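Data block below; observations after.
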Amino acid sequence: MGTATRRKPHLLLVAAVALVSSSAWSSALGSPTTFGPVFEDQPLSVLFPEESTEEQVLLACRARASPPATYRWKMNGTEMKLEPGSRHQLVGGNLVIMNPTKAQDAGVYQCLASNPVGTVVSREAILRFGFLQEFSKEERDPVKTHEGWGVMLPCNPPAHYPGLSYRWLLNEFPNFIPTDGRHFVSQTTGNLYIARTNASDLGNYSCLATSHMDFSTKSVFSKFAQLNLAAEDTRLFAPSIKARFPAETYALVGQQVTLECFAFGNPVPRIKWRKVDGSLSPQWTTAEPTLQIPSVSFEDEGTYECEAENSKGRDTVQGRIIVQAQPEWLKVISDTEADIGSNLRWGCAAAGKPRPTVRWLRNGEPLASQNRVEVLAGDLRFSKLSLEDSGMYQCVAENKHGTIYASAELAVNSAPDSRLNPVKAKGTEILVNSSRPGAQPPQGTVLPVILLLCPTLLLVWYATKITLAPSSADINLGDNLTLQCHASHDPTMDLTFTWTLDDFPIDFDKPGGHYRRTNVKETIGDLTILNAQLRHGGKYTCMAQTVVDSASKEATVLVRGPPGPPGGVVVRDIGDTTIQLSWSRGFDNHSPIAKYTLQARTPPAGKWKQVRTNPANIEGNAETAQVLGLTPWMDYEFRVIASNILGTGEPSGPSSKIRTKEAAPSVAPSGLSGGGGAPGELIVSWTPMSREYQNGDGFGYLLSFRRQGSTHWQTARVPGADAQYFVYSNESVRPYTPFEVKIRSYNRRGEGPESLTALVYSAEEEPRVAPTKVWAKGVSSSEMNVTWEPVQQDMNGILLGYEIRYWKAGDKEAAADRVRTAGLDTSARVSGLHPNTKYHVTVRAYNRAGTGPASPSANATTMKPPPRRPPGNISWTFSSSSLSIKWDPVVPFRNESAVTGYKMLYQNDLHLTPTLHLTSKNWIEIPVPEDIGHALVQIRTTGPGGDGIPAEVHIVRNGGTSMMVENLAVRPAPHPGAIVSHSVAMLILIGSLEL
């Protein structure tokens with residue numbers, strides 16, 4: 001950009017002027033040593049991409065205070081516990097959230113700064129999470145129309161937040177559809193409109209959706225949809241508007257408004273715009289097919305008309321732009337000192353549309369009328385001030401578009417003396433009471449003072465002038481913007497630039513702030529906004545000033561974002577599965593609403609879920625839609641969510657709770673089964689139907705059943721939604737008879753569909769036949785084998801297995817122990833018996849009804865127990881490739897079973913899996929590798945009574961013959977740890993390898 005041409009300087013004439021700084025008066029004021037917190041840095045709302053590689057979010061908070069402030073944070077109105085080591089850390093006053101997730105961290109945050117004077121609450125900062133899912137993988141249906149007709153190809157973008165921008169591809173990337181009079185891509189819905197098709201439009205189309213978020217951009221493509229053209233229709237058609245702007249468009253002052261309008265027709269229609277109740281500004285962009293107002297004001301409110309015209313006719317659509325405004329201070333409170341016992345009246349006022357409401361906070365807590373304090377909207381009155389009234393006060397003005405805070409400190413003096421207590425100046429508003437002795441202007445104020453030094457003294461300076469003024473701009477959330485500001489001035493003086501946003505000074509020294517200014521040259525004061533947020537929209541003023549004069553220029557910056565929540569959600573035309581839902585448009589945040597999504601939930605604890613609607617895709621100009629697929633006789637709440645190209649907005653408040661109308665049940669009961677019970681009974685059971693399937697009051701079940709092979713159905717009515725079984729009792733019902741059963745539900749609106757037929761058996765009876773040829777034999781000192789001949793299945797039920805009863809000779813059968821087989825095996829091994837004991841044994845068959853008659857009893861005697869002494873005097877000899885081990889034979893006592901052999905379990909330090917060796921002698925030789933250094937050996941007797949107690953020795957190769965007499969009470973500590981760790985495993989393995 002070129003340098004501004006130097007013009008003839010304007011002259012500033014001042015008669016006998018001198019400059020006096022108020023610093024000379026500073027000693028009269030002094031500097032207060034104690035004051036309450038004043039925010040220098042407050043948290044800003046953040047949009048965090050869910051796929052971001054960033055690992056933390058920082059919400060800034062810093063306050064000037066004496067003594068220094070301490071900090072706390074609230075999330076969604078609840079104070080946070082900021083503990084060491086947690087994901088939420090307090091760094092200075094800043095809140096750092098590590099590894100943020102939507103489920104845990106999305107919400108509204110506020111910082112509280114406190115010191116002994118009091119507490120102030122920051123503005124709200126919202127942490128949102130952005131995402132863009134992939135398009136559906138399902139193939140898109142081809143679109144067919146006649147050549148010469150208009151056509152619309154829907155984009156149907158995937159779930160996303162915030163909004164998207166849209167482009168369309170034809171056949172391949174990067175062959176994008178041009179924006180011309182015949183084609184139009186709606187940035188509200190993403191849909192592609194072609195006013196009149198021709199042969200060049202034939203092909204495959206894909207919608208490209210792009211999400212622009214903080215430090216993240218992502219694009220996704222839809223599946224291709226084929227456009228087929230039938231034979232050309234050469235007729236001419238009058239225009240028909242297909243892409244319509246809403247009947248009402250809400251906008252905030254200073255935001256950009258874009259209206260879309262596009263029509264089908266042959267010839268291709270021309271689009272014209274007009275304001276019905278006024279005229280269009282020449283600065284507005286009225287290019288077909290959009291009308292764009294870069295910075296809307298109250299004067300722009302009114303009705304706008306789009307006219308589509310060709311040689312065959314015209315079509316029009318009208319809509320109204322409604323302009324609103326967020327709160328703006330007209331009057332704020334300031335720091336005040338007052339004497340004890342005096343009265344005080346504070347007041348604040350704010351403008352906005354809708355009219356802001358005003359509330360008050362004292363030390364961060366809501367303040368209401370009480371005792372000596374009276375709160376009347378923007379007025380706060382104190383009667384007879386006391387010391388406890390001292391603290392930090394905040395006036396809060398809010399409407400649905402925003403909230404603003406004004407803070408001030410009230411200091412109540414215990415010893416009144418007006419001469420010694422001038423009003424402190426700490427905030428943006430300075431009050432000086434000149435009637436008090438010694439009151440002076442605040443430090444830093446520069447005042448012109450006329451001095452009579454000579455009869456006439458004329459001083460001349462060049463006037464300060466803005467040579468390159470900032471330009472108004474319209475940007476999206478997250479964009480960067482530079483506002484230029486250049487000035488000329490008197491070269492004998494210093495020139496400084498200051499910037500304000502909505503008349504509030506911009507703090508360039510704020511850590512992590514979004515503002516930067518250029519310091520390249522004294523006459524250049526450009527302002528750069530990095531990563532613009534919605535709060536950065538507004539009126540920017542650049543002021544260039546010297547010590548004698550100043551000049552300023554303004555520019556408006558509009559930052560577009562996702563829409564606000566819709567309002568006025570109303571349910572009407574309630575049916576059994578449908579309702580009609582209406583709503584009023586919310587604020588679109590300077591970007592037209594592209595579509596609405598409807599959600600429903602079943603209170604009190606149901607989750608919000610998207611519902612099917614008619615139309616399936618609700619465009620942004622709609623304010624009503626039909627909800628489909630609801631459950632009859634069910635309580636629902638509904639809400640509406642608006643989306644635009646920049647994302648998805650906050651949902652509306654829930655509608656009032658409604659209940660859909662009743663209808664006959666539409667689903668058959670499930671889980672039909674049964675069986676069991678007493679003789680002569682048929683028990684049928686099913687799964688009770690949950691509330692969502694009952695569809696109405698007076699709910700119950702209608703059961704139909706018949707014997708298999710019969711033609712006559714019997715029915716039974718079972719009232720109550722919680723009923724889950726029915727018992728049919730009749731002496732004529734024989735055991736285990738198959739019945740065909742089916743069930744349906746009913747309510748007072750009618751009967752539902754019938755289930756599939758299930759087969760259910762009547763109650764079983766015990767088996768009638770006893771097993772035969774029962775034989776039993778003791779096989780060890782604690783076990784015996786039992787075998788028998790099976791019984792045949794009878795008509796009383798299904799045999800499940802056999803029950804073995806056994807008792808000692810001399811005892812009564814009633815004291816018998818019992819074991820059951822898990823199936824229809826005809827043999828079993830019974831363990832846990834006493835040695836050298838005679839047992840009586842019977843066998844019975846059993847089914848679900850119980851056990852049948854007993855078989856004739858059989859007898860078996862267990863073996864004597866094995867010797868309880870382990871082999872002793874164990875010795876061993878190593879050769880190069882074998883190991884020989886000998887021990888003293890074990891001689892059984894008269895009450896012990898014979899010894900028929902020995903078992904040896906061997907494990908070395910190279911192979912941890914033990915091996916079992918058997919021998920009938922009192923020695924054994926086994927091959928071993930030469931590099932074996934250690935081995936663990938267990939030796940025990942075996943015989944008819946089972947295995948005896950083992951002797952365990954640790955063997956160390958030493959090149960000769962060794963002998964060890966095993967001391968079972970004290971064993972030598974083994975050298976290799978691996979062998980020790982597996983000794984218990986060897987004992988277990990011996991048991992499993994017994995012969």
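On a predicted model such as this, the values are computed, not experimentally measured, just so you know.
Residue pairs that meet the disulfide bond (SG atoms under 2.5 Å apart) test with at least one member in residues 124-164, sequence neighbours left out, are Cys155-Cys207.
The closest donor-acceptor contact from the side chain of Ser704 to the backbone of Lys742 lies at 3.5 Å or more, if one exists at all. Asp315 places a side-chain N or O within donor-acceptor distance of the main-chain N or O of Ile241, the cut-off being under 3.5 Å. Without hydrogens or angle criteria, Ser655 side chain to Phe638 main chain gives a donor-acceptor distance under 3.5 Å. Remark: side-chain polar atoms of Lys275 are not paired, donor with acceptor, to backbone N or O of Gly302 under 3.5 angstrom. Checked by atom type and distance alone, the side chain of Ser211 never pairs as donor or acceptor with a backbone atom of Lys218 at under 3.5 Å. Between the Thr578 side chain and the Leu628 main chain, no donor and acceptor come within less than 3.5 Å of each other. Using a distance-only test at 3.5 Å, with no hydrogens or angles considered, a donor-acceptor pair links the side chain of Tyr636 to the main chain of Thr631. Of the possible donor and acceptor atoms, none in the side chain of Arg123 sits under 3.5 Å from a partner among the backbone N and O of Thr403. Looking only at distances, no side-chain donor or acceptor of Thr613 sits under 3.5 Å from a matching main-chain atom of Val627. No donor-acceptor pair under 3.5 Å is formed between the side chain of Thr648 and the backbone N or O of Tyr161.
Side chains of Ile321 and Asp300 form no contact here, defined as non-hydrogen atoms less than 4.5 Å apart. For the pair Val253 and Val323, the minimum side-chain heavy-atom distance is below 4.5 Å. Side-chain contact check for Asn310 versus Asn266: every heavy-atom pair is 4.5 Å or farther apart. Under the 4.5 Å side-chain criterion, counting only non-hydrogen atoms from C-beta, His401 is not in contact with Tyr250. Using a 4.5 Å cut-off on side-chain heavy atoms (C-beta onward), Val718 and Trp686 make contact. By the 4.5 Å heavy-atom criterion applied to side chains, Arg749 and Asn695 are not counted as neighbours. Side-chain contact between Cys306 and Leu291: absent, with no pair of heavy atoms (C-beta onward) separated by less than 4.5 Å. Counting heavy atoms from C-beta outward, Pro366 and Arg359 have side chains that stay 4.5 Å or more apart.
The CH2 atom of Trp583 sits 6.0 Å away from atom CG of Leu581, with the distance rounded to the nearest 0.5 Å. Between the CZ atom of Phe184 and the CD atom of Glu260 there is a distance of 3.5 Å, given to the nearest 0.5 Å. A distance of 6.0 Å separates CD1 in Ile641 from OG1 in Thr597, rounded to the nearest 0.5 Å. Residue Arg601 holds its CZ atom at 12.5 Å from NZ of Lys607, rounded to the nearest 0.5 Å. Remark: Ile194 CD1 to Leu227 CG distance equals 6.0 Å, nearest 0.5 Å. Here the CG atom belonging to Leu192 is positioned 6.5 Å from the OH atom belonging to Tyr205, to the nearest 0.5 angstrom.
The salt bridge (charged side-chain N to carboxylate O under 4.0 Å, His left out) check on Asp576 picks up nothing, with sequence neighbours excluded.
Within 6.0 Å of atom NZ in Lys102, 12 or fewer heavy atoms from other residues, nucleotides or ligands are found, so the atom counts as exposed in its surroundings. Heavy atoms from other residues, nucleotides or ligands lying under 6.0 Å from CD of Glu51 number 12 at most. For NZ of Lys661, the number of neighbouring non-hydrogen atoms (other residues, nucleotides, ligands) closer than 6.0 Å is 12 at most. In Arg355, the CZ atom is not crowded: 12 or fewer heavy atoms of neighbouring residues, nucleotides or ligands sit closer than 6.0 Å. Counting heavy atoms of neighbouring residues, nucleotides and ligands inside a 6.0 Å radius, atom CG of Asn228 exceeds 12 of them.
Ion pair Arg744/Glu751 flagged as a salt bridge, since at least one NZ, NE, NH1 or NH2 atom sits closer than 4.0 Å to an Asp/Glu carboxylate oxygen. The pair Arg244-Glu619 fails the salt-bridge criterion, with no side-chain N (NZ, NE, NH1 or NH2) lying under 4.0 Å from an Asp/Glu carboxylate O. With salt bridges taken as basic N to acidic carboxylate O contacts below 4.0 Å, one links Glu288 and Arg270. Using a cutoff of 4.0 Å between basic side-chain nitrogens and carboxylate oxygens, Arg235 and Asp233 are scored as salt-bridged. Comment: Lys272 engages Glu309 in a salt bridge, judged by a side-chain N to carboxylate O separation of less than 4.0 angstrom.
Of all heavy-atom pairs spanning Pro669 and Tyr701, the tightest one is CG-CD2, 3.9 Å. Pairing each heavy atom of Thr624 with each of Ser582, the nearest pair is OG1-OG, 3.2 Å. Scanning all heavy atoms of the two residues, the minimum distance from Gly313 to Pro239 falls at O-CD, 3.3 Å. Across every non-hydrogen atom of Leu534 and Asn589, the tightest pair is CD1-ND2, 4.5 Å. The two atoms that bring Phe245 and Gln318 nearest to each other are CE1-C, 3.7 Å, heavy atoms only. When all heavy atoms of Ala195 and Ala263 are compared, the pair lying nearest together is CB-O, 3.4 Å.
Ring planes of Phe262 and Phe264: perpendicular class, angle over 60° (limits at 30 and 60°).
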- Could you give me the CA-CA distance, side-chain angles and deciding distance for Ile743 and Leu703, then say whether side chain to side chain contact (heavy atoms under 4.5 Å, CB included) is met? CA-CA 5 Å; Ile743 191 172; Leu703 192 68; 3.9 Å; yes
- Task: Start with the C-alpha distance between Gln226 and Arg140, add both sets of side-chain angles, then the distance that settles side chain to side chain contact (heavy atoms under 4.5 Å, CB included), and finish with yes or no.
- Result: CA-CA 8 Å; Gln226 188 175 34; Arg140 297 201 166 199; over 6 Å; no
- Please test Glu637 against Trp608 for side chain to side chain contact (heavy atoms under 4.5 Å, CB included), starting from the C-alpha separation and ending with a verdict. CA-CA 9 Å; Glu637 291 175 335; Trp608 288 106; 4.1 Å; yes
- Query: Does the pair Gln599 and Arg639 meet the rule for a side chain to side chain donor-acceptor pair (under 3.5 Å), with working shown?
  - Reply: CA-CA 5 Å; Gln599 293 182 333; Arg639 70 181 185 183; 2.7 Å; yes
- Query: Between Val396 and Ile404, does a side chain to side chain contact (heavy atoms under 4.5 Å, CB included) hold up when you go through it step by step?
  - Reply: CA-CA 6 Å; Val396 185; Ile404 54 177; over 6 Å; no
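For Asn156 and Asn617, the side-chain atoms include at least one donor-acceptor pair closer than 3.5 Å. Checking Thr290 against Gln292 by side-chain atom types alone, no donor-acceptor pair falls below 3.5 Å. Defined by atom type and a distance below 3.5 Å, a donor-acceptor pair is missing between the side-chain atoms of Asp588 and Ser591. In this structure, a donor-acceptor pair under 3.5 Å is absent between the side chains of Gln533 and Ser45.
Between Phe699 and Trp633, the distance from one ring center to the other does not fall under 6.0 angstrom. Aromatic ring centres of Phe48 and Phe129 lie closer together than 6.0 Å.
Because its NZ or CZ atom is both nearer than 6.0 Å to the ring centre of Tyr746 and within 45° of the ring axis, Arg717 counts as a cation-pi partner of that residue.
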